[in-house]
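To keep things clear, I will list the structure first and then write my remarks on it.
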Amino acid sequence: MLVPALLLPLLAPAAAAPAAVPEEARREIVRTLEGLEREWFKVYETHDLAPLEGLMADDFVATLADGAVRGKREHIAAYRADFEAIERVENSDMRVRVHTADLAVVTGLYTATLRDRSAADAVSRYRYTDTWLRRGGRWQCVATHESRLE
């Protein structure tokens, strides 16, 4: 029985280990996704929701700090309430990890400052993770997750 178990790694499909992304292509993916993330955060300044339509995939899912889960439509709609309550959002500590030519994960930190500075949580900080896929030559976020920092 040990012999078949020892052979299993040899029988695994070659696709299980993705080929390394060439450095030049990796740098271009990093630049592209950093730009797309900046475009996403700029929505808080412009209050223009249109860019979110292209940045989020139709099957996008958001997992929020409170455990709630939302799809693309519900997530975009929630920005209107954010615009009313939030004065400023700042993104920092962004890192792009390229896994394949068509899959990357972006992590970062954002700070949200409420308009009502007297509120106990007038400034809140969140760690986020965005998962990006390139489909048909176009990068889109398929999932985001945020955790509030105390």
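Nothing fancy with the numbering, it's 1 onward along the sequence. Nothing here was measured: the structure is a model prediction, and the numbers come from that model. We use all heavy atoms of the structure for the numbers below, so side chains are in, but hydrogens, waters and symmetry mates are not.
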Quick one: does [X]'s side chain get under 4.5 Å of [Y]'s, heavy atoms only?
| X | Y | result |
| --- | --- | --- |
| Leu49 | Arg80 | yes |
| Leu55 | Cys141 | no |
| Val89 | Thr111 | no |

Can you hop from [X] to [Y] via hydrophobic side chains spaced under 4.5 Å?
| X | Y | answer |
| --- | --- | --- |
| Tyr128 | Leu33 | yes |
| Phe83 | Val123 | no |
| Val142 | Val106 | no |
| Ile76 | Phe41 | yes |

Find the distance between [atom1] ([X]) and [atom2] ([Y]) and round it off to the nearest 0.5 Å.
| X | Y | atom1 | atom2 | answer |
| --- | --- | --- | --- | --- |
| Thr113 | Ile86 | OG1 | CD1 | 9.0 Å |
| Arg135 | Asp58 | CZ | CG | 8.5 Å |
| Asp130 | His145 | CG | NE2 | 11.5 Å |
| Ser147 | Leu64 | OG | CG | 10.5 Å |
| His47 | Asp82 | NE2 | CG | 9.5 Å |
| Asp48 | Tyr79 | CG | OH | 12.5 Å |

Main chain of [Y], side chain of [X]: is a donor-acceptor contact present, judged purely on distance under 3.5 Å?
| X | Y | value |
| --- | --- | --- |
| Gln140 | Gly54 | yes |
| Arg127 | Thr107 | no |
| Arg115 | Glu84 | yes |

request  = Scan residues 30-42 for pairs that pass salt bridge (charged side-chain N to carboxylate O under 4.0 Å, His left out), counting only residues two or more places apart or in two chains.
outcome  = Glu28-Arg31
request  = Indicate yes or no: does Glu53 engage Lys72 in a salt bridge with an N to O separation below 4.0 Å.
outcome  =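 A salt bridge is present here (some side-chain N lies under 4.0 Å from a carboxylate O).
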ask   = Quick one: do Asp93 and Arg125 make a salt bridge, cutoff under 4.0 Å?
value =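 No salt bridge links Asp93 with Arg125.
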Minimum heavy-atom separation for [X] to [Y], with atom names?
| X | Y | value |
| --- | --- | --- |
| Trp139 | Ala101 | CZ2-O, 3.5 Å |
| Leu103 | Leu133 | CD1-CD2, 3.6 Å |
| Arg97 | His99 | O-CD2, 3.5 Å |
| Thr100 | Val21 | C-CG2, 3.4 Å |

ask   = Ring centroid separation for Tyr44 and Tyr110, is it under 6.0 angstrom?
value =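 Centroid distance Tyr44-Tyr110: not below 6.0 Å, so no.
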message = Exactly one of Leu36, Asp102, Val105 should register a side-chain contact (heavy atoms from CB on, under 4.5 Å) with Trp132. Which one does?
response = Leu36
